[in-house]
Structures are given as structure tokens and as C-alpha cells.
Amino acid sequence: MEPVIEDTDSYCREVEAYLCRRNAGHLVRVVGPAFDMVAGWAARGIPIKVALRGIDRTLERQTAKDPRRRRPVRVEFCEADVLDAFDEWRRAVGVGTAGGGGAQPAGPDDPSGGSTPKPTRSLRAHLDRVATRLTDLSAAGPLPAGLDTLVERLLADLGEDRAATRVLRGDARREYLARLQRFDDELLQTARAAVPAATREALRDEASRELAPFRSRMPEHAFETAVDAASDNLLRDRLRLPVVRFDP
């Protein structure tokens, strides 16, 4: 049974409203084939926040290419990033992986069935994005207790590493990726300790609702593990924390 998000129309309207806001108020309608495409995201169970995260990636990349860009970005150009964000979310929470209900094969009408190219990723570009996010986070205002010193330390460490990553190969590269994973684990652990218990509980409830379309296909233990991971993703979004680990 395929996952289903109820109220597809509201899902599409939320995507449309968000895209308009991110396009500086330009009206970008989600109608016709675009509506069908976004409705397909809902039919696949892509959580709305994951879809919006993918849209953000497209817009941030377009802005980086042309800071003076005036033409609004249409939702059709965001699909590769939305699907990429969904793949990352599924890997992070264990949906579509071993114990998580099995992967969903791409059918002939599946927009991810090989015809949509995914954005390329490099370790150096990833570290640049992480450093930018951490710098923005530090400049935005006071951080919760514990996060301020950790963000400063990560910025210093990653700043020293970025040039060296060009020549990392083999075991040295694997060791460095493991180091980034430890950084990411530490960032999330510090973030959990920095927010009230009521906030963590509210995020867990939201994570359960995100995963509800997949629950019937998951063993109970796998579902609870997925909720824990999805809660961490929502906490990361709430505090605007970057993903420090690198998934090639």
C-alpha cells in the first residue's frame, strides 16, 4: 500500500504560498501539470517540511548563481531538489530502508524514475554550505546555552579543513567523513539539551504525524526509531542547524 497524505489540495496550496513568499511575493501558481506533480509528492508521502526544504535548496542555488535574479522560480524546477531532500529524509529516519518497509521502486510514471537528474554534491561545496549556515546562525542572535560555543568551535575546525579536503582519498576520506558524523551527532545532542522538554515532546508529536502515512508498513520498533530521527530533523529545522555529516 502506498503512503497517503490527506488533503492534497491543502498540501499543494501550502507549497504555492511558500513558493510565492520565497520568490519575493511574485505569484507562482501551482496549477495544471504543476499541481499534478506536487500532488504526486503528497501521494508518495513526502512531508510538507521536506518538500519546502527542497524548494529552499533550489532557490538558494539560483540566488548564488545570480544574486540579482528577478524572474521567479517555478515549482517544476524544484522537483529534483525535493526528491533529493526526500531521499535524505528517508535515509535519516529509516523509511524505505532495511526494516523500514522496503524501498519504493520507481514506476514508469514516477518522477524520480531516472529522468530527473539530481544535483551534484562535493565535499568541499558541502563544507562551504555548512560554514555559511553556521555563520548565519551565529550572526542571527543569541544561541541557546551550549550551542554558542559549539558553533564557534565547528566554524573554526571546518574552516581549517576545507582546503585539505581537496586531496582526501581512501581511508583518510572515510576517517574525515566519520569525523563529520561525530560533529553532527554532537550538534544534535547539544540542541536536544538546549530546548525545553515540552518543545521536544511537541516535535515528537509532529514527527509522528509526518510518519503516519508510512506506519502501516513499518514494524513498531522501526516506527519508533524513525520518529526519533524525524524529531531530530524537526529540531534541526527549528534551530536552523545545518547537516554537518556528508552523505555522498
Side-chain angles (χ1 to χ4, degrees), residues 49-50 52-65 67 80-81 84-94 97 118-197 199-200 203-204 207 225-248:
K49 287 192 175 180
V50 175
L52 302 185
R53 192 179 306 143
I55 289 170
D56 283 341
R57 291 181 183 181
T58 301
L59 291 166
E60 288 166 4
R61 189 169 57 253
Q62 292 297 324
T63 300
K65 289 180 180 177
D81 283 305
D84 196 41
F86 183 45
D87 283 345
E88 291 174 8
W89 179 83
R90 290 199 302 177
R91 287 196 299 270
V93 305
T97 59
K118 290 187 177 182
T120 57
R121 294 165 57 82
S122 73
L123 179 56
R124 175 62 184 268
H126 170 73
L127 294 178
D128 287 343
R129 286 191 295 270
V130 171
T132 298
R133 289 286 297 276
L134 290 173
T135 300
D136 291 344
L137 187 65
S138 180
L143 294 171
L147 274 177
D148 48 1
T149 54
L150 178 57
V151 166
E152 290 179 5
R153 176 162 61 82
L154 289 179
L155 272 171
D157 287 347
L158 295 176
E160 295 176 358
D161 293 340
R162 278 183 285 172
T165 58
R166 292 183 181 277
V167 295
L168 285 179
R169 299 291 186 274
D171 288 342
R173 181 180 173 88
R174 284 188 286 273
E175 289 174 8
Y176 184 72
L177 296 186
R179 182 168 179 245
L180 291 182
Q181 180 66 64
R182 291 192 295 272
F183 281 157
D184 200 60
D185 292 342
E186 184 179 2
L187 187 62
L188 281 174
Q189 182 178 2
T190 304
R192 292 188 208 106
V195 299
T199 298
R200 294 196 299 272
L203 293 175
R204 186 173 179 80
T225 299
V227 169
D228 289 340
S231 299
D232 282 342
N233 282 348
L234 291 170
L235 176 61
R236 197 191 298 273
D237 286 346
R238 170 73 65 92
L239 298 178
R240 301 190 64 79
L241 303 176
V243 176
V244 182
R245 68 177 186 273
F246 180 68
D247 301 315

Practice task
Return the set of residues passing side-chain hydrogen bond (donor to acceptor under 3.5 Å, both in side chains) with Thr190 (not counting sequence neighbours), or none when no residue passes.
Solution key: none
Exercise for the section: May I ask you to test the Glu88-Val243 pair for a side-chain heavy-atom distance under 4.5 Å? Expected result: no
Handout entry: Leu127 CG to Leu158 CG distance, which is reported to the nearest 0.5 Å
Key = 6.0 Å
Completion exercise
Between the CZ atom in Arg192 and the CG atom in Leu187, the distance rounded to the nearest 0.5 Å is 10.0 Å
Practice task
Please tell me if the side chains of Leu180 and Leu123 come closer than 4.5 Å, counting only heavy atoms from C-beta onward.
Solution key: yes
Exercise for the section: State, with a plain yes or no, whether a side-chain heavy atom of Ile55 is found less than 4.5 Å away from one of Leu52. Expected result: yes
Problem - Any side-chain heavy-atom pair of Phe246 and Arg173 under 4.5 Å - result: yes
Completion exercise
Here the gap from Arg61 atom CZ to Arg129 atom CZ, rounded to the nearest 0.5 Å, amounts to 9.0 Å
Completion exercise
side-chain hydrogen bond (donor to acceptor under 3.5 Å, both in side chains) filter on Asp228, not counting sequence neighbours, yields Arg204
Side chains of residues 233-241: which donor-acceptor pairs under 3.5 Å do they make with residues two or more places apart or in other chains?
unit_1 : atom_1 : unit_2 : atom_2 : d
Arg236 : NH1    : Asp184 : OD1    : 2.9
Arg236 : NH1    : Pro242 : O      : 2.8
Arg236 : NH2    : Asp184 : OD2    : 3.1
Asp237 : OD2    : Arg53  : NH2    : 2.6

Exercise for the section: Apply side-chain hydrogen bond (donor to acceptor under 3.5 Å, both in side chains) to Gln181 and list each qualifying residue two or more places apart in sequence or on a separate chain. Expected result: Asp185
Distance-only criterion, 3.5 Å: show the donor-acceptor pairs between side-chain atoms of residues 136-154 and protein atoms not counting sequence neighbours.
unit_1 : atom_1 : unit_2 : atom_2 : d
Thr149 : OG1    : Gly146 : O      : 3.3
Arg153 : NH2    : Glu186 : OE1    : 3.1
Arg153 : NH2    : Glu186 : OE2    : 2.4

Fill in the blank from the handout: Residues passing the side-chain hydrogen bond (donor to acceptor under 3.5 Å, both in side chains) test with Arg179, sequence neighbours excluded, are Asp161
Fill in the blank from the handout: Correct closest heavy-atom pair for Ala92 and Arg245 would be CB-NH2, 3.9 Å
Practice task
May I ask you to decide whether Asp87 forms a salt bridge with Arg91, counting only side-chain N to carboxylate O separations under 4.0 Å?
Solution key: no
Fill in the blank from the handout: Residues Ala230 and Ala207: closest non-hydrogen pair is CB-CB, 3.6 Å
Problem - Side chains of Arg174 and Asp171 in contact at under 4.5 Å (non-hydrogen atoms) - result: yes
